[in-house]
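Each chain gets a letter, A, B and so on, in the order its sequence line appears, and its residues count up from 1.
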Amino acid sequence: MIDAVFGPFVEFAFMRRALVGCLALSLSAPPIGVFLVLRRMSLMSDAMAHAILPGAAIGFLVAGLSVPAMTAGGLVAGVAVALGAGFVARHTVLREDASLAAFYLLSLAAGVTLVSMRGSSVDLLHFLFGSVLALGDDALVLLGAVATVTLGWLAVAYRPLVIECVDPLFLRLSGRASALTHLSFLAVAVLNLVAAFQALGTLLAVGLMILPAVAARFWARDLAPLIGIAILIAAFSSVAGLLLSYHAGLPSGPAIILSAGAIYLLSMLFGRRGALIHAQAAGHLRG
Amino acid sequence: MTSAGSPALVFHDLTLGYDRRPAVHHLDGIVHEGDLLAVVGPNGAGKSTFLNGIVGQVATLGGRLDLCGRTVRDFAYLPQRAEIDASFPINVHDFVATGAWRRLGAWRRAGREEELRIADALARVSLTGFEARPIGTLSGGQLQRALFARTIVQDARLILLDEPCAAVDTRTSEDLLAVMTGWHRERRTVIAALHDLDQVRRAFPRTLLLARNPVAWGSTAEVLTPENLVRSRQLVEAWSSDREPCADDGHGPSHGHAHDHATAHRKDAAA
């Protein structure tokens, strides 16, 4: 049993690299996910994750499978969509969710087309679902750097971010922090998606961000525990997913997200604030 | 009753509006330091526009407003439907503490002085003991009390309140009124949009009666006369119908202008 858990990581460098990458991502993405969920922006994060694809694909067309080129392209595209969706919602009849759905489809189609112009179907799979088991030095540095920046940013912006979530007008009227807080939040979210893209690909990048965050909602009520539990769930899913993929021969990215998904479903049923407890409480009231 | 204080807000022929459609016209007047001013008028009279205009959330279409050396950031403003996300996991204490944001910024922790201020604010709105409750579990009246506590903690010299007593029970309404008169005793400037004329007569020395145009502005007894109230209702009704809304508008009584007013008004009514 102990060997089944530690063996793969002791024996294989690629497993260790995958573990380090995923744990770095588990530190930074879930806190951002918690705020995205609380601000009802989970759909927005999904659209931004897709928007990264054409940007990264252009980087790929220019420089091949180079982490810096794909990261730069993804960052530009992600920020453009984050700002663009807000702009479209403010200045046209379309509501933000509709404009996000449009961006999402457009980006996916454009990205797949761009990758297929030059790459093989293996490259395409890499783009769509990531390659946790083939994280290079560049990618590991990126994941670590993003985790560092994210945690540092959270330490600085935590208070204005909370105020912005609870009462945006209050923050807007009491200073310049409002726009700065909102824009830096979007920027950090995009950073995390670009990092997650390396490990999990476009289609699953939001997985370690949103699933742990929504699962944590079934366990905790206050913000600080929510963030802590989300991080723990993400880290546990990473380890469980990697082991699952190693022992059962499953694709690693999907195995990690499936683990997180399983925890989400279990939390929904058995969590302290989940469905079963809720049903039980309702039963008590009925007597 | 005249105010001895220096000017806090000076309106120079101020016209405010949305999408270039005026909603409050030609305001001239002075709010003095320490004034306790009620803004009354029928629905759609522009009370919210007036307050939103003071904090710069509504475009100035004409004239100007002199903040007398202050900036909007020095004001405390409690909008009618505060854009509060009550489902956000924050407890009453932390929520009220956000009132200290301008003094504490992103990092400084609330020291003894701020904690005393928060405890005192909670006591003044009778929410002592609710500190650990998430704001999502508060009733409408309790949330309004919490918002007042946050406003107390803000410690602003000029306080703007939009229908602070709408949709709360009588007891809460009286308690909040006591907080407002408390601010007045502390020589703070308070401007509140209200609909309960009885409350205004009891507690507010000065009143602005608004019906798109200022109908009357002065001591409450002189403003809230039956004739003025009837006139304000007629004015707002005139705005709602397609009758020529204001002859002395100065924007020119062209057909297109009148039409603009009417559509703007229908939009307000729908909102």
Let me know if B:L78 has heavy atoms under 4.5 Å from chain A in its side chain, its backbone, both or neither.
neither
To the nearest 0.5 Å, what is the distance between OG1 (B:T151) and CZ (A:F170)?
8.0 Å
Side chain, backbone, both or neither: which part of B:F75 has a non-hydrogen atom closer than 4.5 Å to chain A?
neither
For a quick test of reading the model, state the closest non-hydrogen atom pair linking A:R172 to B:Q57 and the distance between them.
NH2-OE1, 3.6 Å
From B:I90 atom CD1 to A:I163 atom CD1, the distance as rounded to the nearest 0.5 Å:
7.5 Å
Donor on one side chain, acceptor on other, A:R221 and B:T137, under 3.5 Å
no
To the nearest 0.5 Å, how far apart are CG in B:D94 and CZ in A:R159?
9.5 Å
In terms of heavy-atom proximity below 4.5 Å to chain B, should A:A220 be classed as side chain, backbone, both, or neither?
neither
List the atom of B:F88, the atom of A:V166, and the distance in Å for their closest heavy-atom pair.
CD2-CG2, 3.5 Å
Pairing of A:R39 and B:D85 as salt bridge, 4.0 angstrom limit
no
Please state whether the side chain, the backbone, both or neither of A:Y158 comes within less than 4.5 Å of a heavy atom of chain B.
neither
Might you point out which heavy atoms bring B:R150 and A:D167 nearest each other, and give the distance in Å?
NH1-OD2, 2.8 Å
Please report the closest heavy-atom contact between B:W101 and A:A177, naming both atoms and the distance.
CZ2-CB, 3.5 Å
Using heavy-atom distances under 4.5 Å, tell me whether A:L171 contacts chain B through its side chain, its backbone, both, or neither.
side chain
